[in-house]
Structure formats: C-alpha cells, structure tokens
Amino acid sequence: MRKATVFNIVLILVLIPATLFLGTKLTGRWYYLTSTLMVIEIMIPFFLAFETRRPQARELVTLAVMCALAVASRVVVMIPNFKPMTAIIMITGIAFGPEAGFITGAVGAFASNFFFSQGPWTPWQMMAYGLGGFLAGVIFFRRPGTRNPVLLAVYGFVSIVLFVGPLLDCCTLFTVSNHLSWKYAAAVFGAGFTYNLQHGLACGVTMLLFSKPLLSKLDRLKGKYGMMDARKEHQQCLEKASKKWKKFRNNA
Amino acid sequence: MKDDAFSKCHPLTNFLFFLGAIGFCAVIQHPIYLLLDAVGAGGYYLLLKGKKGWSLIAGLIPVFFLLSGINPLLNTYGATALFHVFGRPYTLEALLYGMVIAGMLVVMLLWFGCYSAVLTSDKFVCLFGGLIPSLSLLLVMILRMIPSLTRKAVQIADARKSVGKGTGASENKKGKVLGGMRILSALTDWALEGSIITADSMRARGYGCAKRSSFRIYRFALRDILLICLMVVFLLGTLLAGGTEASFTPELRIASPSWGLASYAAFLMLPLILHGIEVIQQRTSLARL
C-alpha cells in the first residue's frame, strides 16, 4: 500500500510534469504522443488503487458482469448509433462508487476493443468512459435522495455532451491536427457535436427507462451479499445509531 | 495467416516491436521514412490477414485523400499558393503537410491492425498477468462474458418473439427502445445471478489464498533476446543518424535522409524478414527430403 502511494506521488510530481515539459521542448509533431502518455499516466493511480486493494471474488465478478453488460448492450437495442454503454457505466458508478465506475468504464472500453480493433483511440476511450463513470459516482454515490430517473437522464445527457464526448474528440484532434489552433479545435469539436448529441440522447433515454430497475437490482445485490463496502456502511450506520442512543440516554 | 514467424515469438518481443513502431510512426514526419513505414505496415498487415486485408487498405485510401485535402483549408501558411478558396490561399506546403499527417494516421491504423491480430488477449494477459493480477483476471472474465451475454440477449429476444413481442418491422422506435430495455433488464438479472455463483465457486476453490498462476505457452528463448537487441540497435541507429527532421509550413524544409533510413527499414521489415527466413528454411528442409 505504501509503495503504491510513493509511486503515485512520484507520478504526479515528476512523471506528468516531465512529460509535459518534454512535449513542449521537442519540435515536430509530438502532440499525440505527449497527450496519450498523459492520459495513460493519469489512469495509472486509479488502476493501482484497485489492484493494491486486492478485490474480493464477488466484487471482481460483479464488475466483470457490469463491464460485459455495458459492451453487450449494443446488440440489445436494434437502432443504429443507440449505445446504452455509457449509461450502464454511469449507473455502476452510482451504485458501487466512483472507483467501480472508473474500472467498469476503462476496462470495458479496453475489452470491447478486442472485439473491434485497438487503435490510437484506445487510451482515450478508456479515460473518457472511466471518468464518466467516476464522475457519476462522485456526484450520486451514497445520495439516495438524488436518484430520480429524470435527474439522472439530464445528468447523463449533459455529462456526455460536455465532458465524455469532447474528451473523445480530443483524441481526434491530437491525432489529426498539425497546428494546435482554436480554429482546428473548433472544426473537430463541431464535427463531433452531432455525434455527441446522439450519444447523449441514447444515454439519457437509457437512464430514464433503465436507471431505476438497474439501481434497485444493484442495491439489492449489495445489501444481500454484503459487497462493495456494504458491510462497512452498515457498521457505520449502527455506530451512528448507538452514539445517538447514548446521547439521548445521557440527556434523559 | 494466423501463425507467421513473428506471431510465434514471445509476447514481450511483439509488444516492444509495436511500441517502437507505433511510437516512431507518431513522431517522424519525414515523407521518405513515412513511405517506408507504410510499406512495412501494409506488407505485414497483408501477410497477417491475407486477401481480407485489402478491404481495410481500400477503406483507408479515401480517408488519406480526404484528410490531406482538408488541411490546406484550415492551415493557410505556405509560400506557393496553388489556387484560392473563398479568398484564402490553398498552398502546396499545407497540402504536402496534410498528406504527411494523413499518411501518419493511416500507417498508425495499419500498425494497430497488426497489433490487434498479433497481440491477442491471451498474450496480453500473459504479459501483464504478473503485474496486474486482478485487472487481468477482470479482463479475462469480461472477454468470456461478452459473447455469452450476447448469446443470452438473443435467447431472451427469441423468447419474447415467441410470445409475439418485439417482432419485425411493425415496431416503431419507441417500441424498440422499450423492448430493448426489457431485454437488458432480464439480461442483468440473469448475469448477476450467475456472477454470485461464479464468485462463490471461485472462493470455494481458494481464490485469493495464494498468488494466481496463469497458463504460459510462450517461452522466452534466445531468439527473443536476439530480436529485442536488434530492435534496440536499429532504433538507436535511426535516432543517432538523424536526418528525420522535416518541416512543411511556412516553408518546405526536408532533411536529406542519412544511413538511419536503412536502419529504420531493417526495423520495420523485421516481421517480414522473419517470415521470409522461415519460408526459406521450410523450402530447403522440404527439398532435402
């Protein structure tokens, strides 16, 4: 555990600035390599945290199911360009926490590319989907009051159009462009906008229809089998209750 | 062709080769080096895929022309104006630059195509299984589950069809989406139930008690050491010899290639050379019979 922390500190304080520095110093077309290295370096702490925690078998298999479900969901709805994948990743993050959301998104994107093709886009997809799941987890995890399908649908749509989609477009920008100028960036983001809109709509619709049943299923799984820190949560609840009870007794 | 000589090498050798090839391809923008790169990547891709490989190459050609044509529209630097579009100069330098950028993308996609064919998921897990055991186990499970879940989804859809739901073209978009969500919901139940059984079975067999071992059919042989050394020497040669600089806008400046070109060519052709050696060996051993 301590080794991992040291590594993370070195990564953040030394490796990432070094990559940025080298990227600005070298002449020629280094955008793609520098940016992709950055993306990989940013992802490493997440993976390291997951790996050093030594996840239990139940957690591991459940995450695998969620990843596979996200990838396989493409075949379920027979409408072209309707991909519920991101919605499922976000729901996983909401139910199991930010870290689970990140792992589902990143590993899911990597695994799906074994069936299509790995490409220059692989690290970017991993990062975009992973952070999409992570962010959803940060905002909605352990906040039962916010689990309104309409709210989630709006969130899904907005986060894809403003965050996940542009991150994916960044890959296109860095691969294709030569001079990084605002004009070029506007052209690439503009070209990607309609696609992101479609993607966001698919995510929103899936959230609206599917978030409630899926979340209740995942919560049930968590509670019944004591997974993903459910036991710890339960204990914390008990401790809180006993504290309250003691306070109440002392006052009385 | 599935088993060419280079695919049979140790995964580490394969991985390092693609790392070098893709990394250098993303950086060197000298047209002659790029042309060589295209020959190496295209040749190896065709060797791996056979006749089917032409379809990707045929698909990449329009991408190449489209991208190289677009660049001068956005980038008007350059001395030699060919003609004017909407009052903006369409310059030769920018066109050449666009061709190089598009070429780099095409070559990179070809290398990634080769990578996907050579470095299959089992090789990836063999490489990284020791370093990231949980994540690679996760990956293996996902790769197994995707086809099985897809099959299950089809089964559920078929079962729905047999009671007259979600059939045919009469359904509109809303019906399709609702039906899809129903299928997804049923699929989730099925998959999650299976996941608990799998996890309990894993625990019963002692998952987490000791270090996981993974099956290894790849041997790190003398050949791999030799290949890795050769790769390093060739790439260092390319770097040290220089002559890879080229800038296009505002004015064309392309360095004349040095002997590093030969070194780079040797690196790129390694898989093809290995294949050639194997074919010759096979022929001679057959002739001896």
Side-chain angles (χ1 to χ4, degrees), chain A residues 27-30 32-33 36 47 50-51 53-65 67-69 71-73 75-79 82 84 88 103 107-108 110-115 117-120 122 175-179 181 183-184 187 205-206 209-210 213-214 217-218 221 225, chain B residues 22-23 26-29 67 71 74-75 77 97-98 101 104-105 108-109 112-113 115-116 120-121 132-135 137-139 141-143 145-146 148-150 153-154 157 173 176-181 183-185 187-189 191-192 194-196 198-200 202-203 207-208 245 247 249:
Chain A
T27 53
R29 216 178 138 275
W30 284 82
Y32 176 72
L33 219 60
T36 306
F47 288 131
F50 180 75
E51 196 63 65
R53 205 159 48 80
R54 301 199 172 218
Q56 295 277 309
R58 273 182 178 165
E59 190 182 339
L60 213 58
V61 184
T62 309
L63 283 184
V65 164
C67 288
L69 206 64
V71 178
S73 64
V75 295
V76 169
V77 182
M78 298 294 180
I79 299 175
F82 188 93
I88 294 178
I103 296 288
V107 182
F110 185 56
S112 82
N113 278 341
F114 273 106
F115 290 88
S117 176
Q118 307 285 359
T122 303
T175 328
V176 174
S177 73
N178 40 30
H179 289 282
S181 65
K183 216 191 301 165
Y184 223 116
V205 169
T206 315
L209 297 171
F210 195 47
L214 186 56
K217 274 169 201 171
L218 295 181
L221 193 76
Y225 295 103
Chain B
I22 293 169
V27 169
I28 295 182
Q29 46 184 349
L67 276 178
N71 185 53
L74 292 159
N75 176 0
Y77 297 102
Y97 199 5
I101 298 291
M104 284 161 90
L105 180 72
M108 204 144 73
L109 288 178
F112 268 110
Y115 170 93
S116 292
T120 47
S121 58
I132 42 171
S134 308
L135 281 168
L137 176 63
L138 190 65
L139 185 70
M141 286 197 287
I142 297 167
L143 290 174
M145 275 175 197
I146 291 170
S148 95
L149 288 190
T150 311
V154 173
K173 247 183 189 177
K176 270 184 187 169
V177 171
L178 281 176
M181 291 300 139
I183 296 174
L184 208 55
S185 180
L187 185 64
T188 314
D189 280 345
L192 286 176
S195 84
I196 293 298
T198 313
D200 286 350
M202 275 165 70
R203 252 186 68 183
Y207 172 77
E245 301 85 10
S247 64
T249 51

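Order of the sequence lines sets the chain letters (A, B, ...), proteins ahead of strands, with each chain counted from 1.
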* Asked: Can you name the side-chain hydrogen bond (donor to acceptor under 3.5 Å, both in side chains) partners of B:Ser116, sequence neighbours left out?
  ->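 Here the qualifying residues are A:Ser117.
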* **Residues forming a side-chain hydrogen bond (donor to acceptor under 3.5 Å, both in side chains) with B:Ser195, sequence neighbours excluded** => none
* Asked: Near A:Gln118 CD, under 6.0 Å, is it more than 12 heavy atoms from other residues, nucleotides or ligands?
  -> yes
Is it the side chain or the backbone of [X] that comes within 4.5 Å of chain B heavy atoms, both, or neither?
| X | answer |
| --- | --- |
| A:Val71 | side chain |
| A:Ala111 | both |
| A:Leu214 | side chain |
| A:Phe47 | both |
| A:Thr206 | both |

* Asked: Atom OG1 in A:Thr122, atom CZ in B:Phe112: separation rounded to 0.5 Å?
  ->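 One gets 6.0 Å once the value is rounded to the nearest 0.5 Å.
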Heavy-atom pairs under 4.5 Å with chain A - which of [options] has more of them than the others?
| options | answer |
| --- | --- |
| B:Thr198, B:Leu139, B:Ile183 | B:Leu139 |
| B:Pro133, B:Ala157, B:Ala191 | B:Pro133 |
| B:Leu149, B:Leu105, B:Ile28 | B:Leu149 |
| B:Val154, B:Leu178, B:Leu109, B:Thr188 | B:Thr188 |

* Contact part of B:Met181 toward chain A, heavy-atom cut-off under 4.5 Å: side chain, backbone, both or neither? -> both
* Asked: Can B:Leu67 and B:Met104 be said to form a side chain to side chain contact (heavy atoms under 4.5 Å, CB included), step by step?
  -> CA-CA 11 Å; B:Leu67 276 178; B:Met104 284 161 90; over 6 Å; no
* Hey, is the main chain of B:Ile22 close enough, under 3.5 Å, to the side chain of B:Tyr115 for a donor-acceptor pair? -> no
* Asked: Is there a donor-acceptor contact under 3.5 Å from the side chain of A:Glu51 to the main chain of B:Ser134?
  ->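 Flag set: sc A:Glu51 to bb B:Ser134 pair under 3.5 Å.
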